[in-house]
Asker: 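If you scroll down you'll find the structure; I have some questions about it.
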Amino acid sequence: MTSLGDKGSVQTQTKVLSQGCWTQVSCPCCVSEQVEPLVYIKLSNNIEPVTKRWLISLIEASKRHGGAALLAHPGEDECGDVIVVSAPRCTLLKATEDLGLCKKYRNEEMVAFAYHDRDNFSNVDDMQEFLTLAERQYIVKIELDSLQAQKKQRIPGVPDAPGVLEAWENICQKLERLGVIKDIFPLHDQQRLNDLGRSWYSKKQIWRQPLDAIHSYFGGTVAFYFSFLDFYTWALVPPAFLGLVLTFLLPGGGGVVKEQAGEGVMEEDNDGPSVSGHMVQAVFSMLWSTLFIELWKRRSSSLSHRWGTLNLAERFSEPRPGFHGTLGFNPVTGRLEPLFPEWQRQLRVGLVSLPLVGLFLGLVVLGMTGFYHGEALVQGFHQDSGSLFSGALLYLPSMAHIVYTNMLGNVYHTVAMQLTEWENHREESSFQNQHTTKVLLFTFFNNFAVLFHIAFYKQDLPLLRKRLASLLIWNQLVNQFTEVVVPFIVDRFLSAPHKKEQEDNLEVDKLRAQRSLPPFPGLFAEYIELLLQFGYLSLFSCVYPLTAVLLLLNNITEIRGDGYKICKLFRKPFSAPVSNIGVWQTAFEVLGFASVMSNCWLLLLSPRVQEFCLEGGISGKNIILFAILVEHVLILVKMILAFMIPDEPDWVRIKREQIEFNSMQALGQQKL
């Protein structure tokens with residue numbers, strides 16, 4: 001929801017553009033004295049005026065004439081390289097229904113919006129109240145993306161050969177390939193952004209983020225990430241407290257490592273009740289991961305209801321811009337659009353994508369094997385020669401492995417994107433989920449393969465503890481530098497002269513100035529970071545109980561640092577309405593199940609546990625059988641616990657079923 005101050009910020013922003021230059025609308029209910037600039041289209045510097053006029057005519061044309069039914073402004077110069085886009089009321093309302101968004105009805109209940117029943121919804125005459133800024137801007141994006149050539153034609157002002165549009169070819173994609181369109185991005189509202197910053201990262205409080213304001217300004221994708229980060233950080237408090245107790249209050253609970261004099265052999269300190277400490281940490285990690293995921297699902301469903309995304313209908317929306325196929329009628333919607341058989345997509349995934357992903361995972365194993373082999377060779381050479389040169393060579397395998405891993409990762413990311421494009425997914429969410437899954441598999445393997453190798457092949461728990469501690473401490477130092485120090489330097493020193501110049505020059509075009517900001521890189525790396533944290537904690541925390549403590553300290557600054565970056569250092573991103581964190585939730589659940597097996601076998605491999613069992617007269621075979629039994633029992637307990645905790649609160653379930661029932665009733669009345 002927006003406030004009166006938000007309307008004032010819109011009035012301030014529209015002063016940059018002459019209101020008389022906006023394209024006109026024919027619908028009387030869409031006429032407005034103030035047109036809100038929503039999206040900025042950066043064109044080529046040498047664009048022909050006839051090409052710009054043609055594009056503006058497409059943007060303003062009605063849907064039945066092949067247009068986007070939007071409002072366009074040529075910028076300060078009709079022959080310039082800028083088009084600013086807004087949206088009239090009817091276009092916004094029809095898109096709201098197509099997206100399946102829920103809005104407040106006259107009885108204050110959240111109901112799936114229906115265009116034919118629009119007059120019964122609250123604030124339907126005020127688009128700044130009815131839709132969030134992020135929703136309005138995303139609707140403009142999907143309308144621009146849906147522009148298709150109705151017939152084969154030539155683009156005015158573009159040479160004949162490359163400037164031919166085939167029938168039903170996506171217009172914006174074609175213009176981007178030709179270099180006519182350089183960039184499309186949503187515009188910041190500076191006043192609202194400053195207000196959000198003051199209530200978000202500028203306050204001294206650690207938690208209590210303004211999630212509703214984040215959702216209103218940045219959209220569901222960004223809001224769900226910060227909600228998950230906040231929930232995850234709170235959830236780290238219990239394991240952090242337990243880790244401190246086991247490390248500092250129980251003798252030997254932290255797994256102190258000693259080195260035998262003159263032998264260089266690492267062994268664990270056996271003083272105190274360390275076996276019980278290991279068992280408590282292992283069982284707690286498994287139960288904590290289950291409770292965390294299940295409680296997050298409930299939190300996610302509550303937010304989805306609050307933000308009106310319980311009833312999203314992406315399956316029935318327009319295909320994503322990159323989707324292609326044989327032109328035909330959609331059997332569900334009856335619309336004319338490209339069609340691509342599902343069996344062909346599955347064939348491509350099974351026969352090409354999966355083998356290639358497996359090949360890259362094999363290359364990860366090959367690199368790890370080469371690293372250990374090279375390390376053994378260099379250490380042997382150094383023991384024989386003992387020279388300074390051989391001592392310097394000790395670092396060569398690690399450096400070579402880092403370079404190899406980074407190069408392989410860069411190549412894999414490119415291949416994963418091309419494979420996902422080639423698979424030809426219709427919906428944007430399906431495309432993102434498939435791409436994310438591919439990268440997740442590689443990232444998980446690349447980051448955890450060495451730890452699993454140390455734990456289960458070398459069976460060297462002291463080395464595993466050292467490696468895990470060094471990873472956490474090093475990652476935290478790097479993260480604090482990139483999340484806090486770098487943004488501060490960029491904002492206060494590198495960007496300061498540019499900001500001062502804008503403040504001193506009142507003629508600076510505030511809208512044009514936004515394109516100097518770099519594009520937002522997305523939340524992929526942020527989710528990867530959280531997933532790796534969760535993996536370190538749930539898979540290996542019984543070896544290093546202070547894992548949660550280090551993660552908690554890191555995430556307290558992560559919340560503010562991420563908010564500062566997205567507000568101050570990047571362009572505003574487009575953000576689709578979403579009902580959860582998508583495939584990332586599945587990834588966390590998979591790690592939760594893997595934690596059962598990991599903790600059971602790490603507990604079995606602990607020298608203190610093995611010594612305890614041998615002192616009790618338990619044979620090695622019986623120890624393994626007992627570990628398998630415990631593993632299966634804990635998996636069963638985990639499944640029962642997950643089943644007993646509903647994925648959504650009862651009140652959310654009732655609201656969702658009411659929304660579905662009301663939608664069915666409305667559909668029946670339409671047919672009558």
Side-chain angles (χ1 to χ4, degrees), residues 252 254-260 262-270 274-275 277-279 281-282 285 361-383 393-402 404-405 408 442-475 532 535-547 591 594-614 620-621 623-624 626-628 630-631:
V256 181
V257 179
K258 293 183 178 180
E259 185 172 353
Q260 291 182 352
E263 297 181 10
V265 179
M266 305 299 293
E267 67 170 8
E268 292 182 301
D269 188 359
N270 292 314
S274 55
V275 174
H278 269 288
M279 294 181 66
Q281 181 68 48
S285 295
L361 296 183
L363 292 175
V364 172
V365 176
L366 181 64
M368 186 176 64
T369 305
F371 163 69
Y372 283 119
H373 181 67
E375 191 178 50
L377 289 177
V378 170
Q379 286 180 350
F381 178 70
H382 178 63
Q383 289 177 357
L393 286 179
L394 290 174
Y395 296 95
L396 183 60
S398 295
M399 295 175 60
H401 186 246
I402 292 173
Y404 173 83
T405 302
L408 187 64
F442 180 82
T443 303
F444 178 83
F445 214 72
N446 205 23
N447 285 274
F448 292 112
V450 173
L451 296 177
F452 278 112
H453 181 268
I454 295 173
F456 301 114
Y457 182 76
K458 286 190 169 184
Q459 297 187 7
D460 191 343
L461 294 192
L463 178 60
L464 176 63
R465 183 178 298 110
K466 289 177 60 180
R467 181 66 179 255
L468 187 61
S470 61
L471 274 174
L472 291 169
I473 295 172
W474 173 252
N475 287 345
L532 293 178
Y536 294 142
L537 178 59
S538 61
L539 297 174
F540 304 107
S541 64
C542 71
V543 175
Y544 189 62
L546 289 178
T547 299
L591 276 182
S595 69
V596 177
M597 294 176 282
S598 174
N599 280 281
C600 280
W601 292 104
L602 285 175
L603 193 61
L604 174 65
L605 293 174
S606 172
R608 289 176 290 187
V609 173
Q610 291 182 351
E611 182 180 352
F612 177 79
C613 293
L614 292 176
K621 180 180 179 180
I623 293 176
I624 294 176
F626 180 72
I628 295 174
V630 171
E631 175 192 277

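Heads up: numbering here begins at 1 and tracks the sequence.
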Asker: Could you tell me if the side chain of T547 sits less than 4.5 Å from the side chain of F540, heavy atoms only?
Answerer: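 F540 does not reach T547 side chain to side chain.
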Asker: Can you tell me if N599 uses its side chain to pair, donor with acceptor, with the backbone of S538 under 3.5 Å?
Answerer: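 Looks like yes, one N/O pair under 3.5 Å.
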Asker: Between L363 and Y404, what is the shortest heavy-atom contact and its length?
Answerer: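 Heavy-atom minimum between the residues: O-OH, 2.7 Å.
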Asker: Do L464 and L602 come within less than 4.5 Å of each other through their side chains, counting heavy atoms only?
Answerer: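 They are in side-chain contact.
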Asker: Taking all non-hydrogen atoms of both residues into account, name the closest pair between V543 and R465 and its distance.
Answerer: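 Nearest pair, atom of V543 first, then R465: O-NE, 2.8 Å.
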Asker: For a 4.5 angstrom cut-off between non-hydrogen side-chain atoms, does F371 reach V450?
Answerer: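 No; the side chains remain at least 4.5 Å from each other.
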Asker: Apply side chain to side chain contact (heavy atoms under 4.5 Å, CB included) to residues L408 and F442 and explain how you reach the verdict.
Answerer: CA-CA 10 Å; L408 187 64; F442 180 82; 4.0 Å; yes
Asker: Hey, do the aromatic rings of Y536 and F448 have their centres closer than 6.0 Å?
Answerer: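 Yes, close enough.
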Asker: Got a second to check how far L537's CG is from L532's CG, nearest 0.5 Å?
Answerer: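 Taking CG in L537 and CG in L532, the distance rounds to 12.5 Å.
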Asker: Okay, side chain of T369, backbone of V365: is any donor-acceptor separation there less than 3.5 Å?
Answerer: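 Yes; at least one donor-acceptor contact below 3.5 Å.
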Asker: Please report the interatomic distance CZ(F452) to CG(N447), rounded to the nearest 0.5 Å.
Answerer: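 Reported value, rounded in 0.5 Å steps: 11.5 Å.
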Asker: Does M368 reach the side chain of F445, with side-chain heavy atoms less than 4.5 Å apart?
Answerer: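 With C-beta onward as the side chain, the pair stays apart.
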